[in-house]
Amino acid sequence: MGEEEEEAALRVCRSKSLYRYNGMNLLKETSSFEAEFAEFLGVPYVVAVTSGTAALHTALSALRVGPGCEVIVPAYMWVAVIAAVVNLGAIPVLADIDETFCLDPTDVERKITPRTVGMIAVHMSGAQADIVRLSELAQRRGIFLLEDCAQCVGGAINGRRVGTFGDMAIFSFQMNKNMSSGEAGAVVTSNEVLYRRSVASHDVGYSRSSTDELLMDDHESYGWGRGGRLDELRASILRVQLRRLPGTIARMHHSKYRIRQWIETHPGVSSRRVVDPSGDTGCFLITIFPDAETAHAVNDRLRVLGITSVSAETSNVILEDYGMHIYYNIPALVRKVGTDNRGSPWTLAENQDSNYSYTKGACPQADNLFERSQLLAIPSCLTGSDEDEIIEGFKEAMNSVFPLRYA
Ligand SMILES: Cc1ncc(COP(=O)(O)O)c(C=O)c1O
């Protein structure tokens with residue numbers, strides 16, 4: 001956050017017009033942000049919303065997900081992904097991850113049943129899912145692909161931005177993300193009907209004309225709104241943050257790959273597989289150790305050396321301890337807690353054939369990776385000497401752990 005964001009926020013406050021659809025001196029920051037983000041991604045349609053969670057609900061509503069539907073979700077995600085499926089009355093079906101730490105296409109194929117309507121591929125921890133294979137799979141099996149790009153804003157594969165491979169995509173601009181206005185999100189699509197349905201769903205249930213009038217007779221889209229419109233204040237900040245994004249990503253990418261280069265020379269540790277390193281946003285480094293004991297020992301030592309940021313729990317952690325990013329750490333999922341007194345969606349008649357377990361063991365490849373992999377946040381403000389300190393920290397931690405065990 002710098003002077004440009006301050007000026008943007010002041011500009012909107014002084015206009016006294018904070019609501020996107022009308023005002024005394026409306027600056028149209030929200031629609032400008034939508035147009036600029038659409039151009040950045042290379043898609044025709046963007047709907048700005050209040051959060052990534054709102055974006056997930058909006059997109060799944062546009063895709064008409066409801067009771068009787070199964071939606072495949074990865075074992076490594078954020079709880080909001082599953083919450084959106086459950087809140088709509090559908091059943092989440094866990095699929096395993098591979099060394100991309102994103103959906104394993106082979107396991108997705110195994111999890112498809114006659115009730116599967118789609119999958120949510122989450123580009124986790126800054127880097128891409130194997131989205132080309134997942135997109136081919138979705139098309140071949142006739143199911144939708146929703147990309148969750150919350151943690152990979154600005155990522156790409158061979159120059160094509162993540163968020164442009166699926167039927168729809170969602171983004172989050174919450175505080176931890178590559179660009180931020182504290183809270184906000186976006187829904188993205190190239191499909192005009194899905195766009196109109198997203199406009200309707202995120203607002204009051206009706207799409208809008210090019211001059212923002214509610215369209216009461218757009219029968220393909222109208223329904224029930226969720227009240228997730230973005231305000232002018234946050235949109236004005238996002239416009240500045242979007243201009244900063246390439247620089248933010250370049251700095252994180254540089255720092256990450258400098259550290260990764262050292263790691264690759266050490267036989268006791270490997271790095272997560274990145275589908276296209278040049279399009280990795282660089283905000284997290286995931287390292288994989290031979291076993292849980294080694295992973296925890298290295299992590300403990302790095303923390304003692306101060307290789308963390310605020311908070312340590314989200315900046316330098318063994319994945320199994322990474323809260324509700326891990327399916328078995330979500331109590332309401334493991335215990336199938338319902339959204340109402342009837343226990344919906346788990347107890348709905350439409351879902352009676354969709355009976356799955358969400359306890360540890362449901363995704364064995366993920367379970368194995370979670371206990372021996374470490375996630376390290378890479379801030380965009382690291383100096384060369386900060387990077388040196390992290391590399392030295394790794395060296396010291398690895399050398400203190402490995403000779404004893406691998407002499
Ligand atoms: C993968 C993923 N999806 C969705 C969300 C939800 O976004 P928000 O916090 O903006 O609701 C987040 C982050 O918080 C996330 O990491």
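Just follow the structure's listing: the first ligand is 1, and inside any ligand the first atom is 1.
The contact set between ligand 1 and Ser51, taken as ligand atoms under 4.0 Å from a residue heavy atom, comprises 10 (O), 11 (O). The distance from ligand 1 to the heavy atoms of Ser172 drops below 4.0 Å at these ligand atoms: 7 (O), 8 (P), 10 (O). Below 4.0 Å from some heavy atom of Val122 lie the following atoms of ligand 1, by number and element: 1 (C). Interface atoms of ligand 1 facing Gln174, defined by a heavy-atom separation under 4.0 Å, are 9 (O), 10 (O).
For the atom pair Leu215 CG and Ser207 OG, the distance stands at 4.0 Å (nearest 0.5 Å).
With a heavy-atom cut-off of 4.0 Å, Ala150 touches ligand 1 through its side chain alone. When heavy-atom distances to ligand 1 are checked against a 4.0 Å cut-off, Asp148 comes that close only through its side chain, counted from C-beta outward. When heavy-atom distances to ligand 1 are checked against a 4.0 Å cut-off, Met77 has no atom that comes that close, whether in backbone or side chain.
The shortest N/O to N/O separation between Thr53 and ligand 1 falls below 3.5 Å. Annotation: Lys177 places an N or O atom under 3.5 Å from an N or O atom of ligand 1; distance criterion only. Checking only distances, Glu183 never comes within under 3.5 Å of ligand 1, N or O to N or O.
For Arg342, the CZ atom counts as loosely surrounded, since its 6.0 Å shell holds 12 or fewer non-hydrogen atoms of other residues, nucleotides or ligands.
The shortest contact between atom 5 (C) of ligand 1 and any protein heavy atom is with Trp78 CD1, 3.7 Å. The protein heavy-atom contact nearest to atom 16 (O) of ligand 1 is Gln151 NE2, 2.8 Å.
Ser354 approaches Arg115 most closely through the heavy-atom pair OG-NE, 3.0 Å.
Counted by atom type alone, Tyr327 and Asp367 present one or more donor-acceptor pairs between their side chains at under 3.5 Å. Side chains of Asp98 and Gln365: no donor on one and acceptor on the other come within 3.5 Å.
Distances from atom 10 (O) of ligand 1 to the heavy atoms of Gly182, Gly52, Ser125 show the closest one on Gly52.
Taking the centre of each ring, Tyr222 and His219 come in below the 6.0 Å mark.
Classification of Arg196 and Glu192 as a salt-bridged pair holds, one side-chain N sitting under 4.0 Å from a carboxylate O.
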Check against side chain to side chain donor-acceptor pair (under 3.5 Å), Asn299 and Asn316: CA-CA 7 Å; Asn299 184 247; Asn316 187 3; 2.8 Å; yes

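Within the 4.5 Å cutoff, side-chain heavy atoms of Trp262 are placed close to those of Met398.
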